[in-house]
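One structure is given here, and the rest of the page talks about it.
Within every chain, numbering begins at 1; the chains are lettered A, B, ... in the order of the sequence lines, protein sequences first and strands thereafter. Keep in mind that what you see is a predicted model, and the values were worked out from it rather than measured.
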Amino acid sequence: GAGVSQTPSNKVTEKGKYVELRCDPISGHTALYWYRQSLGQGPEFLIYFQGTGAADDSGLPNDRFFAVRPEGSVSTLKIQRTERGDSAVYLCASSITTNTEAFFGQGTRLTVV
Amino acid sequence: GQQLNQSPQSMFIQEGEDVSMNCTSSSIFNTWLWYKQDPGEGPVLLIALYKAGELTSNGRLTAQFGITRKDSFLNISASIPSDVGIYFCAGRQAGGTSYGKLTFGQGTILTVHP
């Protein structure tokens, strides 16, 4: 596809479980960003990658959250021991370089019950 | 985390009316962006402002980067039903490591009555 693709679109999980959210950036985009959007709020920055490396993870709320991008393309956001407060839409965005505007995917709606 | 102060929170207008929304911050930003988000979708960039005082238009949309670098506004003229959605401002701080690291406002929900 031409845009940023996120899977799954929706994920319901039980409190305490582990989840993985996937992001396929636009082909050729070297920079990749994760944001979290709580209900009624704007997106909040979590982490961004330049290539394979996490260049800035200052937005990750705690050590239950981790993200990888092993081959510099697809990225996975991993959440351990999920809590009800983790329920939100997780958005991924990518850009050609870190000096160009990013394009957002449609998001993954995570619900922790 | 830090968010920009965006107002109003919601607007209900008649088709054909003009709309204005604004965003303020206690911090200086070197870039202001305005996005629109439809239900179930990610934000889509409408206008980007890179210089203090800059006034930029995109069709019926006009946005300005405040001279103090702490505020921005977005105007929509002659609103139409497809303008319905949530509008977000976003700022990027000077010295930032990446264009994609943004601070967002809380959003303005726009409803347009035909």
Hydrophobic cluster membership, [X] vs [Y], 4.5 Å side-chain cutoff:
X        : Y        : answer
A:Ile26  : A:Ile96  : no
A:Tyr90  : A:Phe103 : no
B:Leu61  : B:Leu49  : yes
A:Phe104 : A:Trp34  : no
B:Phe73  : B:Met11  : no

ask   = Top residue by heavy-atom pair count (under 4.5 Å) with chain A, among B:Thr31, B:Leu45, B:Leu102?
value =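 Result: the option with the highest number of such pairs is B:Leu102.
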request  = Could you grab the distance from atom OH of B:Tyr99 to atom CG of A:Asn99, nearest 0.5 Å is fine?
outcome  =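 Answer for the OH-CG pair, B:Tyr99 versus A:Asn99, is 5.5 Å.
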Does [X] have more than 12 heavy atoms from other residues, nucleotides or ligands lying within 6.0 Å of its [atom1]?
X       : atom1 : result
A:Glu14 : CD    : no
A:Phe66 : CZ    : no
B:Gln9  : CD    : no

key: A:Tyr35-B:Phe104 aromatic ring centre distance below 6.0 Å   =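 For A:Tyr35 and B:Phe104, the ring centres are under 6.0 Å apart.
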ask   = Between A:Ser95 and chain B, which part of the residue has a heavy atom less than 4.5 Å away: side chain, backbone, both or neither?
value =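 Looking at A:Ser95, nothing touches chain B.
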request  = Please state whether the side chain, the backbone, both or neither of A:Thr97 comes within less than 4.5 Å of a heavy atom of chain B.
outcome  =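 Looking at A:Thr97, nothing touches chain B.
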ask   = For the residue pair B:Gly42 and A:Leu91, what are the closest heavy atoms and their distance?
value =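 Residues B:Gly42 and A:Leu91, closest heavy atoms: CA-CD2, 4.0 Å.
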task = Find the one option among A:Gln37, A:Gln50, A:Arg109 whose heavy-atom pairs under 4.5 Å with chain B are most numerous.
result =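 Max contact count across the listed options: A:Gln37.
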task = Take A:Thr98 and B:Lys101 through the test side chain to side chain donor-acceptor pair (under 3.5 Å) and record every step on the way to the result.
result = CA-CA 9 Å; A:Thr98 55; B:Lys101 185 179 180 183; over 6 Å; no
query = Side-chain donor-acceptor pair under 3.5 Å between B:Ser98 and A:Tyr33, yes or no?
reply =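 Yes - a donor-acceptor pair under 3.5 Å links their side chains.
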Considering only heavy atoms, which portion of [X] lies under 4.5 Å from any heavy atom of chain A: side chain, backbone, both, or neither?
X        : answer
B:Gln37  : side chain
B:Ile109 : neither
B:Tyr50  : side chain

